[in-house]
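Structure record follows, encoded as structure tokens.
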Amino acid sequence: MTRLICITDSDFLISIIKGDDENHDLSLAITKKLISEEARILYPVSAIVEAATALSRRYSLPQLAQDLLKTFRDPGMEIIAVDSEAFIN
């Protein structure tokens with residue numbers, strides 16, 4: 001069986017960490033499903049930075065932005081670089 005690969009975006013990251021986001025519950029359910037299916041979840045560094053910036057500036061939630069960034073200190077989180085080589089190959 002082929003392992004599912006999922007690439008997150010900033011909106012998804014925001015909806016997971018921001019409890020009052022309209023997609024919070026759905027995002028959590030999707031994440032749990034992906035984990036239960038042992039999917040490979042990739043986190044582009046650009047999405048992480050964009051989500052943290054939006055939380056801090058658009059939503060005026062700098063502490064939540066810091067909390068988001070702290071979650072990616074976990075070595076189990078698979079952070080990927082975004083560069084032309086990643087998309088060409």
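Only a predicted model underlies this, so the values are computations on that prediction, with no experimental measurement involved.
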Within the structure provided, determine whether [X] and [Y] are in side-chain contact (heavy-atom separation under 4.5 Å).
X: Lys32; Y: Ile30; result: no
X: Thr31; Y: Leu28; result: no
X: Pro44; Y: Ile7; result: yes

- Taking only Lys NZ, Arg NE, NH1 and NH2, and the carboxylate oxygens of Asp or Glu, determine whether Arg3 and Glu38 approach each other closer than 4.0 Å. no

- Selection residues 39-79 - residue pairs positive for ring pair (Phe, Tyr, Trp, His ring centres under 6.0 Å), sequence neighbours left out: Tyr43-Phe72

- Query: Where do Ala65 and Ala52 come nearest, in terms of heavy atoms and distance?
  - Reply: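 Reported closest heavy-atom pair: CB-O, 3.3 Å.
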
- Note on the structure: Closest non-hydrogen contact found for Ile17 with Asp67 is CD1-C, 4.0 Å

If I take atom [atom1] from residue [X] and atom [atom2] from residue [Y], how far apart are they, to the nearest 0.5 angstrom?
X: Ile5; Y: Arg40; atom1: CD1; atom2: CZ; answer: 5.5 Å
X: Ser27; Y: Asp21; atom1: OG; atom2: CG; answer: 6.5 Å
X: Ile41; Y: Leu34; atom1: CD1; atom2: CG; answer: 5.0 Å
X: Cys6; Y: Leu4; atom1: SG; atom2: CG; answer: 6.5 Å
X: Thr8; Y: Ile14; atom1: OG1; atom2: CD1; answer: 11.0 Å
X: Leu68; Y: Gln63; atom1: CG; atom2: CD; answer: 11.5 Å

- Query: So, the side chain of Asn23 versus the backbone of Leu26: is there a donor-acceptor pair under 3.5 Å, distance only?
  - Reply: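 Checking the backbone N and O of Leu26 against the side chain of Asn23, no donor-acceptor pair under 3.5 Å is found.
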
Under 4.5 Å between side-chain heavy atoms, hopping through other hydrophobics if needed: is there a path connecting [X] to [Y]?
X: Val45; Y: Ile16; value: yes
X: Ile35; Y: Leu42; value: no
X: Met77; Y: Phe12; value: yes

- With Asp20, which residues qualify under salt bridge (Lys or Arg N to Asp or Glu O under 4.0 Å), at least two apart? Lys18

